[in-house]
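Notes follow once the structure below has been shown.
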Amino acid sequence: MKKVIGLFLIMILAAGLLAGCGETKDANAGEKKTLVMATSADYAPFEYIESDKSDEIIGFDVDLAKAIAGKLGYKVEVKDMDFGGLVQSLKSGQADFVLAGMTPTEKRKKNVDFSDIYYTAQHMVISKKDSGIATVEDLEGKTVGVQLGSIQEGKADEINETVAIKVENRNRIPELIQELKAGRFDAVIIEDTVAKGYLDKEADLSSFTVSDDPEEAGSAIAFPKDSELTDKFNKELQKMKDNGELQELIVKWFGGEN
Ligand code: ARG
């Protein structure tokens, strides 16, 4: 009888050990942890939905997030929201990072941390060809649409200090284009790369750039203040800049240099 109990104990011990082994193995090579990326999927080719094909959010930023997170052993879940709510999503812990063509402004830096810039941009003013709007001065007395909470909104306010305009905001970029086409806006300000997509599709639109330092309007990854991810992501981003992987993504989504 003692023998049987002894054997039983050994079996229990062995089972426990095996289970223990399994656990450590899982922690190393098993299920990947998921990071939540918040974005505003109204911004082709950075992040958008090709609604006729699927409801998946795709784009340059999504690929970049998956590449960097993948190297660090994470999976990515993409959460869509209005651009104006992104910084708050980091503050409230709803998201681990934001990739949304977001510019690292001094104001935002008070609330979140940023990676280095991964893509540069310029402001573009779009209007209908027949509007005759070709310079900032031509905007005098006009209604200018911008995305709520964007640096383009800031740019419009800045223009308004010298050329009197009526600044209107909307949550989503496609809404801006709709209002422009419907004649409720005379012009909209959107970053050049995103504007180009609309200019290619809509023959009756024209544009001009309002020059600023391209770095000033560029995009970076945002994190909650003091997140451990900031440094890790930044290092991987730098590697991707050095080894050409970032350039590959740029060619894939923007089709060109920068
Ligand atoms: N770069 C601009 C900013 O940071 C606009 C970004 C808009 N992004 C978007 N996904 N709608 O304010």
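Just so you know, ligand 1 is whichever comes first in the structure, and atom 1 is the first atom listed for that ligand. Computed from a predicted structure; not experimentally measured. Numbers here are sequence positions counted from 1.
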Identity and separation of the nearest protein heavy atom to atom 6 (C) of ligand 1: G101 O, 3.3 Å
Nearest neighbour in protein (non-hydrogen) for atom 8 (N) of ligand 1: A100 O, 2.8 Å
Region of E153 engaging ligand 1 - heavy atom pairs below 4.0 Å: neither
More than 12 heavy atoms of other groups within 6.0 Å of K181 NZ: no
Parallel, tilted or perpendicular: ring planes of F223 versus F97, cut at 30 and 60 degrees: tilted
Heteroatom proximity flag, E47 to ligand 1, N/O under 3.5 Å: yes
Between N234 and Q238, a side-chain donor and acceptor under 3.5 Å: no
For atom 9 (C) of ligand 1, the protein heavy atom that lies nearest, with its residue and separation: Y43 CG, 3.3 Å
Proximal ligand 1 atoms for E191, defined as those under 4.0 Å from one of its heavy atoms: 1 (N)
Where ligand 1 meets R108 - atom numbers and elements under 4.0 angstrom, heavy-atom basis: 3 (C), 4 (O), 12 (O)
CA sep, side-chain torsions, deciding dist, call: L148, D82, side-chain contact (heavy atoms from CB on, under 4.5 Å): CA-CA 9 Å; L148 180 67; D82 287 339; over 6 Å; no
Donor-acceptor under 3.5 Å (S227 side chain, L229 main chain): yes
Contact summary for V125 and I189, nearest pair of heavy atoms: CG2-CG1, 4.3 Å
Nitrogen or oxygen of S40 less than 3.5 angstrom from that of ligand 1: yes
Minimum side-chain heavy-atom gap P104-I117 below 4.5 Å: yes
Proximity flag F46 to ligand 1, non-hydrogen atoms under 4.0 Å: no
Ligand 1 versus D42: contacting region, heavy-atom distance under 4.0 Å: side chain
Contact atoms of ligand 1, heavy-atom distance to S150 under 4.0 Å: 12 (O)
Ligand 1 to I151 polar contact by distance, N or O atoms, under 3.5 Å: yes
Heavy-atom nearest neighbour in the protein, as seen from atom 2 (C) of ligand 1, with distance rounded to 0.1 Å: Q152 OE1, 3.4 Å
Side chain E175, main chain R172, donor-acceptor under 3.5 Å: yes
Whether F60 and F254 hold their rings parallel, tilted or perpendicular, with breakpoints at 30° and 60°: tilted
